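Just so it is clear, the structure is predicted and the values come from calculations on it, not from any experiment. The first residue in the sequence is number 1, and the count goes up from there.
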Amino acid sequence: MILLTKNARSEAEGLFDEIIEGDLLNSAFVQSIIPHLKKTYSTKGIISNYEHYVVVRSYLAERFGIPSSTVYSAACTRNKAMQRNALKYMKENIDHRVVKTEAQALSAFNALGGDVFIKSIAGIKSSHVFHVQSETAMRDAFTILKRDSGKIDEDLYNDYRYCDFNFDYPDPKHHFLVEKAIEGEQIGVTTLVEVYRLECAVDY
């Protein structure tokens, strides 16, 4: 087994065939270790036990031809705007807009009926979610989001541009999500996926 980590603990010594230390969120470092790993090992799987590295894990798995969630799927777990876009064909999805400016936020507020949530697409540890029911409240919420967008965890919400995306990845520092406020029950993503799978099966 090979351990890829930023800083290895002393107790890791002797548990792995090789320990490679470096910044796994640095594109140059990630690119530099791939040839060595391919040449030296027959890699059968890549495991991440740390939420920060789910995108990197999928990126490396693709480079080694190992079954894994796609880079796109992994990126969706890190970005609320991408999550909404991925679920856009499902009736359970919520009408929403991705906005960058206060003017766009106000336009989304009115387009969605004047009762919305505006939130950080990066989550900022599940804070920064505002229930907005007036244009004044929208302006105030947007000001706070814009001010605090620099507080996001860079490691967790890195935009991973070096992953050779062929899809849009809204930057959490400059994009925010406006969603129509609705009443209802919480629905898990696994439920949505299963419903979609069954509907596709019926169609065929």
Side-chain angles (χ1 to χ4, degrees), residues 1-87 119-129 148-177 186-197:
M1 289 196 304
I2 306 101
L3 174 63
L4 307 178
T5 184
K6 184 178 290 186
N7 295 299
R9 297 179 179 177
S10 58
E11 52 264 38
E13 294 292 338
L15 297 177
F16 299 90
D17 298 303
E18 182 177 357
I19 296 175
I20 300 175
E21 293 182 321
D23 185 0
L24 292 171
L25 301 179
N26 177 283
S27 59
F29 173 73
V30 172
Q31 296 292 354
S32 72
I33 64 176
I34 291 175
H36 164 69
L37 293 173
K38 282 186 173 182
K39 181 180 179 180
T40 310
Y41 302 102
S42 176
T43 307
K44 302 299 183 183
I46 298 176
I47 300 172
S48 170
N49 63 351
Y50 196 42
E51 188 179 7
H52 289 62
Y53 300 123
V54 293
V55 179
V56 178
R57 178 203 61 207
S58 292
Y59 177 74
L60 287 171
E62 286 191 355
R63 293 301 178 274
F64 287 93
I66 297 170
S68 176
S69 59
T70 64
V71 170
Y72 176 73
S73 296
C76 283
T77 71
R78 301 271 48 83
N79 192 296
K80 287 185 174 70
M82 288 183 63
Q83 290 173 21
R84 283 287 173 223
N85 186 65
L87 300 173
K119 60 182 69 174
S120 164
I121 63 174
I124 315 182
K125 298 186 184 298
S126 298
S127 63
H128 292 74
V129 177
D148 290 352
S149 61
K151 296 179 181 179
I152 63 175
D153 185 336
E154 286 289 352
D155 286 349
L156 188 55
Y157 297 107
N158 184 298
D159 66 6
Y160 304 101
R161 294 293 173 184
Y162 64 86
C163 289
D164 304 324
F165 288 152
N166 60 359
F167 53 83
D168 291 331
Y169 194 102
D171 186 341
K173 286 187 176 180
H174 304 291
H175 296 81
F176 309 102
L177 184 64
Q186 291 184 341
I187 301 175
V189 171
T190 51
T191 303
L192 296 179
V193 172
E194 183 65 14
V195 168
Y196 182 67
R197 186 186 68 79

Locate the shortest heavy-atom distance separating [X] from [Y]; write the atom from each residue and the value.
X      : Y      : value
Glu62  : Thr70  : OE2-CA, 3.9 Å
Met82  : Tyr169 : SD-CD1, 3.4 Å
Ser120 : Phe176 : CA-CD2, 4.4 Å
Val129 : Lys119 : CG2-CB, 3.9 Å
Ser68  : Arg57  : OG-NE, 4.1 Å
Ala122 : Pro172 : CB-CB, 3.5 Å

Which value, rounded to the nearest 0.5 Å, describes the distance between [X] atom [atom1] and [Y] atom [atom2]?
X      : Y      : atom1 : atom2 : answer
Asn85  : Lys80  : CG    : NZ    : 15.5 Å
Thr43  : Phe64  : OG1   : CZ    : 4.5 Å
Asp148 : His128 : CG    : NE2   : 3.5 Å
Gln31  : Arg63  : CD    : CZ    : 6.5 Å

Inset, instruction - Check the pair Phe29 / Lys6 against side-chain contact (heavy atoms from CB on, under 4.5 Å), numbers first and verdict last. - result: CA-CA 11 Å; Phe29 173 73; Lys6 184 178 290 186; over 6 Å; no

Legend entry - Option from Tyr59, Phe167, Phe165 for which ring-ring contact (aromatic ring centres under 6.0 Å, His included) with Tyr72 holds: Phe167

Inset, instruction - Kindly indicate whether the side chain of Ile121, heavy atoms from C-beta on, has any atom under 4.5 Å from the side chain of Pro170. - result: yes

Inset, instruction - Measure the shortest side-chain to side-chain distance between Thr40 and Ile2 over non-hydrogen atoms and say whether it is less than 4.5 angstrom. - result: no

Inset, instruction - Apply side-chain contact (heavy atoms from CB on, under 4.5 Å) to the pair Leu60 and Leu4, showing each step before the final yes or no. - result: CA-CA 11 Å; Leu60 287 171; Leu4 307 178; 4.0 Å; yes

Legend entry - side-chain contact (heavy atoms from CB on, under 4.5 Å) assessment of Glu18 paired with Leu3: CA-CA 6 Å; Glu18 182 177 357; Leu3 174 63; over 6 Å; no

Sub-3.5 Å donor-acceptor pair from the side chain of [X] to the main-chain atoms of [Y], do we have one?
X      : Y      : value
Ser149 : Lys173 : yes
Gln83  : Cys76  : yes
Ser58  : Val55  : no

Inset, instruction - Go through the steps to decide whether Ile20 and Leu37 satisfy the test side-chain contact (heavy atoms from CB on, under 4.5 Å), and finish with yes or no. - result: CA-CA 10 Å; Ile20 300 175; Leu37 293 173; 3.8 Å; yes

Legend entry - Asn26, CG atom: more than 12 neighbouring heavy atoms under 6.0 Å: yes

